[in-house]
> 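I am attaching a structure below and will ask some questions about it afterwards.
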Amino acid sequence: KKIPKNSLLSMPSYSSTCPKCTLIQSDPMACLCELCGASLLPQVAKKRRPLPPSTNIARTQTTTKKRKANDPKQRSILSFFRKQGEPMQMVSSDLSEGASTHPFDGKDIHSESAIAPTQHLPPASDDDQDFHAPTQPFQEEHENTAAVAPATQLYNSDTDDDQNEHDVKTKADLKLSIAPTQLYDDNDDKSKTEANLSITPTQLYNDDDDDKLITDATVINQEEPMDLLHDKFESRRGLQQLVSDEGSVYYRVIASTLSAVSSTRSRLSKERALVNAFSWLNSAQCEAEEFEATAYLLAPVKDSQTGGHRLQPDFISPEGGLGLGWRSVIEQAILDATGCSRSELTNARKKASDSAEAAAMLLKRLGTRRWCFGGKPRTLTVTEVRDNLLKLGLMNGPGANSRKSKLLTSLFGRATPNEMAWLIRTCNAHMSCGISLEASVIPALAQALNPRCPTQEVRAAYARRPDVRCVIDALLQSNNNNDDAISILKNIGVSFGIPLQPMLATAGNSIQHALRDFGSDQILAEHKYDGQRAQIHYADGTTTMYSRKLDEITNKYPQLVHILNSKLGNKCIILDAEIVAENTDGEGGQVFQALTSKRDDVSLVVFDLLWFDNRCICDLPLFERRRLLIEEVLPIESSSIRLAKSIQIDRNSLAIVQKELMHAVAANCEGLVLKQLDSKYEISGVGIRSKAWLKLKKDYIEGMVDSLDLVPIGGWRGSGRKSNWISPILMATYDQETQELACVSRVMSGFSDEFYAAFTKRVLGPKGIKATIENDISDLNLLIRNGPAPGVNTSENCEFWFKPGLVWEIRAADITLSPTHRSAMGIFHAKRGLSLRFPRFIRERPDKRLEQATSSSQFANFYRQQQSRGDTMTLSISNAKPLDDDEKETPLSSKPKRRILHEDGEQVARSLLVYDNDAELSPPLPLPSSTVVAEEDGDVGCVEQRRLILLGADES
DNA sequence: GCTGGCTGCCC
DNA sequence: ATTCTGC
DNA sequence: GCAGAATGGGCAGCCAGC
C-alpha cells in the first residue's frame, strides 16, 4: 500500500529496509515491502482489538469505562503495591485521595509516583538515556541554558523596524519559551518566522530540564531528532517514547504535538504535526480508545466562544465544563506542585507569554530534584489524563475546589514542564494554539489513517454524528481492510437520539446582495426569532432537547417538554426550532433577556423537520420538509407550539423583503432568514455555515439600528494575540451638566490591529505596553496613573484609566437593562443602568467634542424607542398597508410610501432610509440613531415630541 | 443562611 | 454573538 | 473564504466565606 506522493499531508518517512527479507525498498514512502509484503511500519507487540461490526450503531459509553481489573496494567499496579506493602488506595484512576500536599514530601511523592515502575523501561540501548535517573539530582539549572526550545513568541506591537530588531535580540537572549503558544508576529517579515521554524527541533526529547541533564550523550544520539514539523520520523527509538508497553499513549505526545502546532502559523505545518502524531499511534497499532483520547486532548476546548471543555461527545454528559477556575483551583495546584509562592508565580507571569508558561518556568526551576524520590518523568498517559479531567468535572459539593486542586497537583507532579504547561492551558480552556477538533484534528486523523479520505467527507460524517469514536472506528476499519474510506464514512448517518450539527445561516449585510447571490428563485423569508436554538428528538411521549452546541437542555424547559410530550402523540421526529419567551409583560422588547430567566411560559417556534417516518429527511428539499412539518406534525392544538412566520418570495422581491424585515423587527424578531426552498438540510461540518440560508439581521443593515457616540474611559491589557495592546476598552456616556462619565459597555470588537497599536502608544507612550512591564509609566497625554478621571461612574476596575476627550462611534444590536453598567441608572430601575448587546467599534469621531458625546438621557431615550419599537413600527406599517396575511397577494400601491428617519438635534439628519414600494430604492444611508416616525402621506406617528426633518423623494 | 464571585452556556 | 487577520 | 482568536452582555447554578 503506497501513500500518494502528491498528497499534501504525506506520511512521515519510514525505514526503507524490510525487517523480514531485508530488501531495500525503491520507494522510501512505501509502507509494505515490495518483495514479501511485510509491513515496514515499526511494530509493537500489542494487537489492536477487533473493531465493532458496524459503525452505524448506537454508541456505547466506552469512554468512561474504567479499565478492568484483569487489565495487565492494572494488575501490575496492584502487584506493585503488594510488594511495597503500601495501602491499595492509590490506583491510576483515583489520584485525588491521599495525594501529596507538598512536592518535597518524599513519602508522598514516592507513593504518588508509584505507578511509574509499572512502565517497564525499554531494553537498554543508546536511546534509553532519556529514562535514566539523573546523576546529579540537585543540580540547579540556569534558565537560559535550560531552555532548549527557542522562544518563538513574537509579540511585537511595534510597527517601526528598529523596535522589532530589538525584540528579536531580546527573544534570542532570553530563550524563555518552554511551550510556545501561537506565534503572533505583527511584522510582515516572513524570513523571521522561517528562521524560527528551522531551528525548532521540536521537543519530544529535549524540552525539559530532566532531559537536559542527560546532556552530551543524548545530544549525540539526537542527530536526527524527532521533528513534528518536518516529517522526520526515526522509528527505531520512536515508539517506545510514545507508547507504553501496554499500548497506552503518553501525554507527552500531546504536549510535543501541541508545542509543534503552536510554533508555526502555517496551517499546513500544523496539520502535518497532527497527522504525524496520529501516524505514530497507527504505527504502534494503538486501540481506538487511545486515538479517541488523543484527539480530544489535542483540542479539549469546546469552542472559543464559551471556553468549555470537551473530552467526550457533548451529548454524553450534560455538564461539559470542568469547573476549574484559575483563582479557585488551578493557581493553588500550581503552587503546590512547584512549591512556589504566589508572588513568585506573579513575577514569572511577567516574563512569560501566558500563565501556563510561567508555571512551567517555575517547575523547570525545580529541576530534577522532584524525580529523586523514585518518580519517573513522563509517565502520564492520555487516557489517564482524560479520565482524571473528567473526574474533576464530576467533583462537586463542599470542598470540591480543594479536592480538585489536589488531584490537579498530583497530575502536575508527574508532568514535565512542557506537559504541565499544556495541562494548565487545558484546564484554563484556553489552548490558543490554532487548531480545533472539528476543523483540524479530525481531518488529520483521517489523513493519518487513510490518506485517500477527503477532508470534506470526515468532517461531514462527524457533523452527522458528532462522536469522535464513531469516526475513528470507521477510519480504523478502512485502514485495516484497505477499504474505501468514503463508503465507510457514508455509513455514519444521522441517528435518532443523537444530536446532529444544526444547519447554520451565513450572514448577509444587504438585501440586494443576498437576493443576487441566491442560486434559486424560490425563496422563503422566515422570521428570525430571538431565542435559543433547540433540536428536539421526540419519540412516543418522550422529548429530548439539545442546544445549538449539542448540549442536552431537556431539563431547562420542563413545561415545554411536558406540552410536547402530551401533544405530539405517537410520532418519532426530530424538529429544528427556536425557544422564545414572548409574553414579556412590562419588559417590552427584552425577549431574549426574558428567556434566560424564565423556564416556564416559553413557546416553541418550529421551522424544520429532520426526521420523519423513521428516517432522516435532511436530503429532502426544504419545501418537502416544510410540507411534512405543516401537514403531519404541526396540526396540534397548542398555543405554545407553532410554525415560524414566513413568506415565499422570488429573487426580484427586494421591496417585499425590506418590508418583511420591518415586520420582523416590529415583532421583536432579530431579522429574517432567507432560505432557498429547494435546498437540503446541509450538514457539511461543525461550524460550517451554509449559503442556502442567509440571515439578515437588522443591525447588519446600516441605518437600521442605534449607534452611540461614546467616550473611552479605561481599559485592560489584552491577552494572546492582543497582549501588547489595550483591549477591551471601557466606554461611557457623558453628561455635560454633571460632567458624569457613566460606563456603558466594554468593547473589543471592530478595532483593527493597526488601531490598537496606535491607540496603545497614544495612551502608554512610545514604549507601548512594555512601559507597564518595566514600570516605566507616568501620566501621559491620555493616561491617568492613579485611578479614574473625575466624574467616572463605574464598578469596573480598569488597569489603565484615560483622560476623557475622545469620542468613538459604537454600534450595537440592542440596548439592555444592565446589572453592572451605570449609565442611566435609576431611570428605569433603581439598581440597573443601560448597556449594549453585541457592542462593536465603528470609527473614531474626531469631529465630535466631549460635549457632543451621547448623554445618559439620550441613551435613555434610545432605550425608550427600542421598548416601543413594536408599537411604532406597527403604527407606520398599518398606516401604509394592512398587515393581513393576504397582503402579499394584494397589488402594490403605486403611490410611494416612505419611512423617514430622523435625528434629534440641530443638525440635519445625517441619514435616512427610504422604503419604497416602487422598484427604485435609495440605498440606506448612515444613521446614528433612528426611529421610524412618519409616512410621506402626512400620517405622523411620534414616539416622542421631536423635531422632524422630512426629506422628499427628490432631495438627496 | 446569605452574599459575592466564579464558571458555563446562551445569545 | 461580532469582528479582524493570516493562510 | 475558511479557521481561529479575542472577547461583548447577562443569566442560573454552584461554591466559599462570612
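As a basis for the values below, the full set of heavy atoms in this structure was taken, side chains included, without hydrogen atoms, waters or symmetry mates. The chains referred to below are lettered A, B, ... by the order of the sequence lines, with proteins before strands, and numbering in each begins at 1.
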> When the distance from CG of L437(A) to P of dA5(D) is rounded to whole Å, what number comes out?
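Rounded to the whole Å, the gap is 13 Å.
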
> So if I take every side-chain heavy atom of S597(A) and compare against dG10(D), dC11(B), dA12(D), which nucleotide ends up nearest?
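Among the listed nucleotides, the one closest to the side chain of S597(A) is dA12(D).
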
> Given atom CG of L836(A) and atom C1' of dT3(C), what is their separation to the nearest angstrom?
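The distance from CG of L836(A) to C1' of dT3(C) comes to 16 Å, rounded to the nearest Å.
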
> Can you check the distance between dC10(B) and dT7(D), where both ends of the measurement are the P atom (answer in whole Å)?
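The same atom, P, in both gives a distance of 22 Å.
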
> Can you tell me which nucleotide in dA6(D), dG10(D), dA16(D) comes closest to the side chain of S835(A)?
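Of the candidates, dG10(D) comes closest.
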
> Over how many whole Å does the gap from N509(A) atom CG to dA1(C) atom C1' extend?
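Atom-to-atom, N509(A) to dA1(C), this comes out as 17 Å.
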
> Looking for any heavy atom pair under 4.0 Å, which part of the strands does G531(A) touch: base, sugar-phosphate only, or nothing?
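Sugar-phosphate: the residue G531(A), judged by heavy atoms under 4.0 Å, touches backbone atoms but no base.
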
> Using only side-chain N and O atoms of S745(A), determine if any of them is under 4.0 Å from OP1 or OP2 of dG8(D).
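False: S745(A) side-chain N/O out of range (4.0 Å or more) of dG8(D) OP1/OP2.
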
> Please determine whether a side-chain nitrogen of the Lys or Arg among D530(A) and R837(A) lies less than 4.0 Å from a carboxylate oxygen of the Asp or Glu.
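Yes.
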
> Can you tell me how the ring of W808(A) sits relative to the ring of F755(A), calling it parallel under 30°, perpendicular over 60° and tilted otherwise?
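The arrangement is perpendicular - the two ring planes meet at more than 60°.
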
> Please report the distance, rounded to the nearest Å, between NZ in K549(A) and C1' in dC11(B).
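From K549(A) NZ to dC11(B) C1': 10 Å.
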
> Ignoring the backbone of R721(A), work out which of dA1(C), dA5(D), dT2(C) is nearest its side chain.
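The listed nucleotide nearest to R721(A)'s side chain is dA5(D).
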
> Of the nucleotides dA1(C), dT7(D), dC15(D), which one has an atom closest to the side chain of N401(A)?
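It is dC15(D).
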
> To the side chain of P839(A), which of dA6(D), dG8(D), dG4(D) is closest?
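Within the option list, the nearest is dG8(D).
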
> Rounded off to whole Å, could you give me the NZ-to-P distance for the K722(A) and dG6(C) pair?
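My rounded result for the distance is 13 Å.
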
> Does OP1 or OP2 of dC11(D) have a side-chain N or O of Q593(A) closer than 4.0 Å?
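Checking Q593(A) against dC11(D): at least one side-chain N or O falls below 4.0 Å of OP1 or OP2.
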
> Check the angle between the aromatic planes of F759(A) and F802(A) and answer parallel, tilted or perpendicular using the 30° and 60° thresholds.
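F759(A) vs F802(A) ring planes: perpendicular.
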
> Nearest to the side chain of T816(A), heavy atoms from C-beta on, is which of dT7(D), dA5(D), dG9(D)?
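Of the options given, the side chain of T816(A) lies nearest dG9(D).
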
> Between S547(A) and D551(A) (side chain of the first, backbone of the second, donor and acceptor by atom type, cut-off under 3.5 Å), is there such a pair?
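Looks like yes, one N/O pair under 3.5 Å.
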
> Using heavy atoms to find the nearest nucleotide of DNA chain D for R746(A) and G687(A) separately, return the residue whose nucleotide is more 5′.
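The residue mapped nearer the 5' terminus is G687(A).
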
> As a test of reading the structure: which of dT3(C), dC11(D), dC7(C) is closest to the side chain of R267(A), going by heavy atoms?
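Nearest to the side chain of R267(A) among the choices is dC7(C).
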
> Does one side chain, of T733(A) or S823(A), offer a donor that lies under 3.5 Å from an acceptor on the other?
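Looking only at side-chain atoms, S823(A) and T733(A) do form a donor-acceptor pair, the distance falling under 3.5 Å.
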
> Taking the side chain of S749(A) as its heavy atoms from C-beta onward, which of dG4(D), dT2(C), dC11(D) lies nearest to it?
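Nearest listed nucleotide: dT2(C).
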
> Please report the distance separating the P of dT5(C) from the corresponding atom of dG4(B), rounded so that it comes out in whole Å.
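The answer is 40 Å between these two P atoms.
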
> Can you figure out which of dA1(C), dC9(B), dC4(C) approaches the side chain of F838(A) most closely?
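That would be dA1(C).
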
> Looking at R840(A), I'd like to know whether one of its side-chain N or O atoms comes within less than 4.0 Å of OP1 or OP2 on dA6(D).
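Result: no.
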
> With a 4.0 Å cutoff (strictly under), does any side-chain N or O of S432(A) reach OP1 or OP2 of dA6(D)?
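S432(A) to dA6(D) OP1/OP2: side-chain N or O found under 4.0 Å.
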
> So, is H430(A) near the phosphate of dT7(D), with a side-chain N or O under 4.0 Å from OP1 or OP2?
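No, outside the criterion.
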
> Taking atom P in both dT3(B) and dG6(C), compute the distance separating them and give it to the nearest angstrom.
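Nearest-Å result for dT3(B) against dG6(C) at atom P: 49 Å.
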
> State, without any angle test, whether Q501(A) and Y462(A) hold a side-chain donor-acceptor pair at a distance under 3.5 Å.
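Y462(A) and Q501(A) do not have a side-chain donor-acceptor pair below 3.5 Å.
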
> Has R459(A) got a side-chain N or O lying under 4.0 Å from the OP1 or OP2 atom of dA3(D)?
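R459(A) to dA3(D) OP1/OP2: side-chain N or O found under 4.0 Å.
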
> Under 4.0 Å between a side-chain N or O of S719(A) and OP1 or OP2 of dT7(D)?
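Indeed, a polar side-chain atom of S719(A) lies that close.
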
> Report the residue from K528(A), R811(A), R840(A) that forms a salt bridge (Lys or Arg N to Asp or Glu O under 4.0 Å) with D699(A).
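Testing each of K528(A), R811(A), R840(A) against D699(A), the sole residue satisfying salt bridge (Lys or Arg N to Asp or Glu O under 4.0 Å) is R840(A).
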
> Take the protein atom NZ of K831(A) and the nucleotide atom C1' of dG4(B), then report the distance between them rounded to whole Å.
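It is 13 Å, rounded to the nearest whole Å.
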
> Could you tell me how far apart R843(A) (CZ) and dT2(C) (P) are, to the nearest whole angstrom?
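Value for this atom pair: 20 Å.
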
> NA contact type, F751(A), heavy-atom cut-off 4.0 Å: base, sugar-phosphate, or nothing?
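If one applies the 4.0 Å heavy-atom cut-off, F751(A) turns out to touch the sugar-phosphate alone, with no base involved.
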
> Can you tell which of dA1(C), dC10(B), dG4(D) lies closest to the side chain of K695(A)?
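Of the candidates, dA1(C) comes closest.
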
> Need one value for K556(A): base, sugar-phosphate or nothing, where a base atom within 4.0 Å counts as base even if backbone is also close, heavy atoms only.
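Answer is nothing: K556(A) stays at 4.0 Å or more from every strand.
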
> Rounded off to whole Å, could you give me the CG-to-P distance for the D753(A) and dG6(C) pair?
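After rounding, the reported distance stands at 7 Å.
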
> Any base atoms under 4.0 Å from K691(A), or only sugar-phosphate, or nothing? Heavy atoms, all strands.
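It contacts sugar-phosphate atoms only.
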
> Is it true that R349(A) and D354(A) make a salt bridge, defined as a side-chain N closer than 4.0 Å to a carboxylate O?
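Looking at D354(A) together with R349(A), the answer is no, because their closest N to O distance does not fall below 4.0 Å.
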
> By the 4.0 Å heavy-atom rule, please label R689(A) as base, sugar-phosphate, or nothing.
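Counting heavy atoms under 4.0 Å across all strands, no contact is made by R689(A).
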
> Select from T596(A) and V747(A) the residue whose nearest nucleotide in DNA chain D is closer to the 5' end of that strand.
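Between the two, 5'-proximity favours V747(A).
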
> Students often get this wrong, so: under 4.0 angstrom with heavy atoms, is L817(A) touching a base, only sugar-phosphate, or nothing?
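Sugar-phosphate contact only.
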
